[in-house]
Amino acid sequence: MVFEGPLRADADSILARYPEDHRRSAVMPLLYLAQSVEGSVTREALREIGALLQITTAEVEAVASFYTMYRLRPTGTHVISVCTNLACKLRGAEAVFEAAHEATGVAHGAELSDDGLFTVHEEECLGVCDFAPAVQINFCSHDTVSPERMRELVAGLRAGEVPSPARGPAFDSFKAASRALAGLEEVPSA
Amino acid sequence: MSLWFEPRLTRDWDDPSMIGLDGYVAKGGYEALSKALAMTDADIVDVVKSSGLRGRGGAGFPAGMKWGFVPRDTGKPTYVVANFDESEPGTCNNRELVERDPHRLLEGMAIAALAIGCETAYLYVRGEYLWQSMVLERAIAQAYAAGHLGPDVQGSGKRVDVVLHRGAGAYICGEETALLNSLEGFRGQPRLRPPFPAVEGLFASPTVINNVETLMNVPDILVRGAEWFRELGTEKSPGTKMVTVSGKVERPGNFEVPLGTSFRIVLEELAGGVLGGRALKAWTPGGSSTPMLTAEHLDVGLDYESLAEAGSMLGTAAIMVMDDTDCVVDCATRMVRFYAHESCGKCTPCREGSWWATRVLERLEDGQGQAPDLPIMRDLGTNLMFRAFCALADGTASVINSSLQHFPDEYEAHVRLGGCPLKVEHLEEVPA
């Protein structure tokens with residue numbers, strides 16, 4: 001079971017956000033919740049979400065496979081997302097993307113590094129075009145990242161450091177970020 | 001010519017306290033909501049109509065008219081949905097508006113809710129804006145605690161709840177009917193219209209969907225009036241617009257300008273000119289889905305009408321600047337690859353056409369192109385435009401058509417020279 005004990009209570013709090021006759025709306029935050037426990041969305045989680053929402057596993061998987069932020073395959077402790085869309089490309093993003101592969105040891109086309117620490121993801125526009133090239137580590141933004149800075153960030157993560165993002169708090173793993181994406185993280189006061 | 005005006009949406013950007021409720025209230029925040037509570041629904045809709053406020057998310061549809069379309073006698077609830085899925089490549093002004101001034105969005109949403117008799121408003125935030133969604137969660141909690149949201153808004157007895165919903169990485173969810181499907185727990189694929197969302201939107205109920213910047217203009221319109229709003233901008237495009245400037249400029253960033261301000265002023269005075277003093281080659285006026293323009297269009301005004309006349313669109317006013325070292329075919333390849341990746345797969349012309357166009361562009365850039373590839377590109381452009389449910393395919397076609405229109409020689413050179421004529425120079429420019 002994925003959703004048992006306190007996680008079942010989390011799932012219930014997510015369900016309660018939506019009208020009683022439209023509980024299916026909760027599928028997206030529930031997928032984030034499952035991902036926060038297991039580091040990816042497993043088949044068991046798909047089945048349990050279906051049972052909670054009274055829809056089929058296939059319907060849940062249809063949603064999960066549509067969106068890039070749900071990971072249906074084994075995923076690294078840290079997910080490094082590099083935007084290579086035009087605004088970032090014009091400021092040298094392709095070299096940053098290469099540096100991410102080299103520094104993490106993730107081969108092109110591979111899902112994660114051999115040590116299980118990293119997944120590198122080529123990202124479409126992250127909405128930080130004013131500080132291109134834009135990178136996110138566990139969905140925390142890092143601005144104007146050079147290839148050199150990318151290598152430093154990866155070295156820091158390997159050493160167990162949590163790099164400070166350009167804005168907002170840092171999440172120390174993909175799982176922790178997924179919990180915030182489920183809307184279950186305390187927001188630091190202003 | 002120089003640019004001077006009293007900033008509106010950005011006037012308090014220097015004040016970091018605006019991120020919290022106290023800072024916002026100290027600057028008159030939530031007074032517009034009090035004013036709206038003392039007005040009839042119809043009067044709220046009327047003042048927004050008279051202001052001429054047009055949708056800032058791309059289509060430019062008049063916001064007051066949209067609100068006026070909502071039927072009130074269906075026996076169903078009505079919904080307001082704020083579209084904070086900002087995903088058009090090159091666009092990030094909604095992000096900064098929310099980071100600096102989150103309560104203005106909530107106040108705009110609450111006023112829109114009052115205008116159409118809505119008790120539950122949804123705020124759809126793209127998943128990648130995790131920090132911004134947390135800023136909003138905090139602002140929502142503050143607004144509830146102060147009684148600006150909740151079961152008894154400012155003691156009026158009226159209920160307005162705001163529910164935040166995160167996307168999960170899909171450009172198409174910025175399209176309003178795809179967004180509704182996503183919010184209902186389905187794949188984010190567009191719906192056939194009619195019925196329009198105003199009649200049958202979220203949960204098959206009457207729904208107004210507005211962009212973040214559109215909603216953030218509403219509080220000022222309520223307090224200062226429609227005439228005040230029209231003091232800036234043009235007659236048909238009143239008000240100011242947030243523009244994002246990125247790519248090869250000295251100072252990339254988000255800037256507020258009166259609609260109708262020329263691209264020259266934005267580029268030279270606000271963004272500091274082309275990076276390193278190089279020559280301007282091409283620019284997108286409203287994100288990658290709007291037809292690219294060239295140095296010949298420096299004096300075009302950034303407003304809905306002037307850009308349409310120049311053969312493009314205001315879109316999200318996301319200006320991406322390419323200089324003379326950038327290969328148009330290479331840039332077009334990256335933009336079209338984006339549309340191929342983001343096509344939801346529902347319509348054949350978009351799903352297959354964007355994939356095919358990417359292959360042709362890639363082989364042109366790699367020096368494998370043949371003379372027949374250029375007519376193939378023209379054919380794809382024609383067969384993608386207006387052939388699908390939503391505008392995503394039109395965005396793909398716009399990249400293809402506009403780059404072919406303005407830079408036919410560069411395409412032909414790729415075939416003639418068996419590769420990119422700029423590649424050697426371009427590689428030298430890429431930072432180590």
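By convention in this document, chain letters (A, B, ...) are assigned in the order of the sequence lines, proteins followed by strands, and residues within each chain are numbered from 1. Keep in mind that what you see is a predicted model, and the values were worked out from it rather than measured.
Using a 4.5 Å cut-off between heavy atoms, Met335(B) touches chain A through its side chain atoms alone. Interface remark: Ala132(A) contributes no atoms to any contact with chain B (heavy atom separation under 4.5 Å). Residue Tyr122(B) touches chain A through its side chain alone, counting heavy-atom pairs closer than 4.5 Å. There is no contact between Leu21(B) and chain A, counting heavy-atom distances below 4.5 Å. Of the two parts of Glu122(A), only the side chain, counted from C-beta on, holds a non-hydrogen atom closer than 4.5 Å to a non-hydrogen atom of chain B. Interface remark: Arg187(B) contributes backbone and side-chain atoms alike to the contact with chain A (heavy atom separation under 4.5 Å). The contact between Glu123(A) and chain B is made by backbone and side chain atoms together, counting heavy-atom distances below 4.5 Å.
Residue with the most contacts toward chain B among Val27(A), Asp21(A), Leu86(A): Leu86(A) (heavy-atom pairs, distance under 4.5 Å). Chain A forms the most heavy-atom pairs under 4.5 Å with one residue out of Glu86(B), His165(B), His341(B), and that residue is His165(B).
Gln132(B) places a side-chain heavy atom less than 4.5 Å from the side chain of Arg167(A).
Of the charged side-chain nitrogens involved, none lies within less than 4.0 Å of a carboxylate oxygen, so that Arg138(B) and Glu186(A) do not count as a salt-bridged pair.
In this model, a donor atom of one side chain and an acceptor atom of the other lie less than 3.5 Å apart for Tyr67(A) and Ser182(B).
Geometric assessment of Arg24(A) against the ring of Phe186(B) yields a positive cation-pi assignment under the 6.0 Å and 45° thresholds.
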